[in-house]
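Worksheet: one structure, shown below.
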There are 2 protein chains.
Amino acid sequence: MPKTKPIRLDQQLCFQVYTANKKFNHFYQQALKPFDLTYPQYIAMLTLWQYAPLSVKQLGEYLHLDSGTLTPLLKRLESHGWITRSRSESDERTVIIELTDDAKNKRDNVFERVNSCFDILGLTPEEKEACSQTMSTIETKLDSYNESHL
Amino acid sequence: MPKTKPIRLDQQLCFQVYTANKKFNHFYQQALKPFDLTYPQYIAMLTLWQYAPLSVKQLGEYLHLDSGTLTPLLKRLESHGWITRSRSESDERTVIIELTDDAKNKRDNVFERVNSCFDILGLTPEEKEACSQTMSTIETKLDSYNESHL
DNA sequence: GTCAATTTAATTGTAAACAATTAATTTGAT
DNA sequence: ATCAAATTAATTGTTTACAATTAAATTGAC
């Protein structure tokens, strides 16, 4: 009876992605320290700087997050003065997220800080492109698997 | 005064990695459902199947996790009968994690299940290799940045 | 127009992750 | 041998993430 080949942890794609994500997390957490933003909060702000105003649902579609995650995160962003939350008048079910003036003013500062840290990483355009390409491939395959196994 | 270029969320590497990780998480969570293992628990078990017995500290070094994360995770694995936890006799500070017979017996079943799901993804060897390569590059760069900014 | 079905956000409960602290043990310098 | 420093896990507190449920508002079928 043949023994299954051992699975080497460091060769598992999932583990590499899992680890890379944690390191990205740490990297951005450091870069964002001056702004009192966590990494997920920064990602939410990125979306809002691009598309605000947005409903919680719309924001969740961009981020693939539900209200269970977003409601508390948005309350924290609100209490730190980044956003406002208000019920829509035309549809009382939806909550509209808007940027504060302060958040609009800080936008360029945050981008500058994050970009300069990212530049220090020293990824070549080719490396960035390769990474982006790879992630897209993985996502596409995972999507089609995940969708067929609801 | 030139306006900063808008940052497109879907072009941010960090966001792609963040998203891919979540989708991997979902993918493995599904594949592992029959075994009552979460994805992080599975990653811990992978390490233990390869190296057990291990101390909490040693396991943490493989996984880049500290006792704050591992202690509760290991307690759950223990309560589900995957592992045992016991103080080392030679050094009462360290806790030794060992596999139960049940865990050893289930090893091949888990691998078979996970591998067959992974195969369905349909990643070519080239794609796998490209992904692995990319992740290594990213990790190396992030490591050197993170280490220089302690 | 009424009421069941749907939609939206919030809530509840569980698991991860990490920083900071604590408690116990071991090591090592003297 | 003693005691300060270092090591190891556990604990505490905060934030994410997600499943499942709840509450309120809206839509639509009739």
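Note that the structure is predicted; figures quoted are calculated from it, not measured.
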(request) Find the distance Asn25(A):CG to dA16(C):P and express it as a whole number of Å. (result) 17 Å
(request) Could you encode protein contacts along nucleotides 10-20 of chain D as a string, one character per nucleotide from 5' to 3', using B for base contact, S for sugar-phosphate-only contact and - for no contact, with a heavy-atom cut-off of under 4.0 Å? (result) BB---SBBBB-
(request) Name the orientation class of the two ring planes belonging to Phe118(A) and Phe27(A) (parallel below 30°, tilted from 30 to 60°, perpendicular beyond 60°). (result) perpendicular
(request) Check for a donor-acceptor pair, side chain of Asp66(B) on one end and backbone N or O of Thr69(B) on the other, with a separation under 3.5 Å. (result) yes
(request) Can you tell me the distance, in whole Å, between the NZ atom of Lys57(A) and the P atom of dA9(C)? (result) 7 Å
(message) How many whole angstroms separate atom CZ of Phe24(A) from atom P of dC18(C)?
(response) 15 Å
(request) Applying side-chain contact (heavy atoms from CB on, under 4.5 Å), run through Cys131(A) and Met135(A) and close with a yes or a no. (result) CA-CA 6 Å; Cys131(A) 179; Met135(A) 291 294 97; 4.2 Å; yes
(message) Check the orientation of Phe111(B) and Trp49(B). Use parallel for under 30°, tilted for 30 to 60°, and perpendicular for over 60°.
(response) perpendicular
(message) For Leu73(B), is there any backbone N or O sitting under 3.5 Å from a side-chain donor or acceptor partner on Gln41(B)?
(response) no
(message) Using modelled atom types and a 3.5 Å cut-off, is there a donor and acceptor pairing between side-chain atoms of Ser67(B) and backbone atoms of Leu70(B)?
(response) no
(request) Give me the ring orientation class for Tyr39(B) and Tyr18(A): parallel if the planes are under 30° apart, tilted from 30 to 60°, perpendicular past 60°. (result) perpendicular
(request) Take the protein atom NZ of Lys33(A) and the nucleotide atom C1' of dC18(C), then report the distance between them rounded to whole Å. (result) 12 Å
(message) Please confirm whether the shortest side-chain N or O distance from Ser55(B) to OP1 or OP2 of dA9(D) is below 4.0 Å.
(response) yes
N/O contacts under 3.5 Å, protein versus nucleotides 25-28 of chain D?
unit_1	atom_1	unit_2	atom_2	d
dT26(D)	OP1	Glu92(A)	N	3.2

(request) Round to a whole Å and report the spacing from CD of Glu78(B) to P of dA9(D). (result) 15 Å
(message) If we count only N and O atoms by modelled type, under 3.5 Å, do the side chains of Thr134(B) and Thr134(A) hold a donor and an acceptor together?
(response) yes
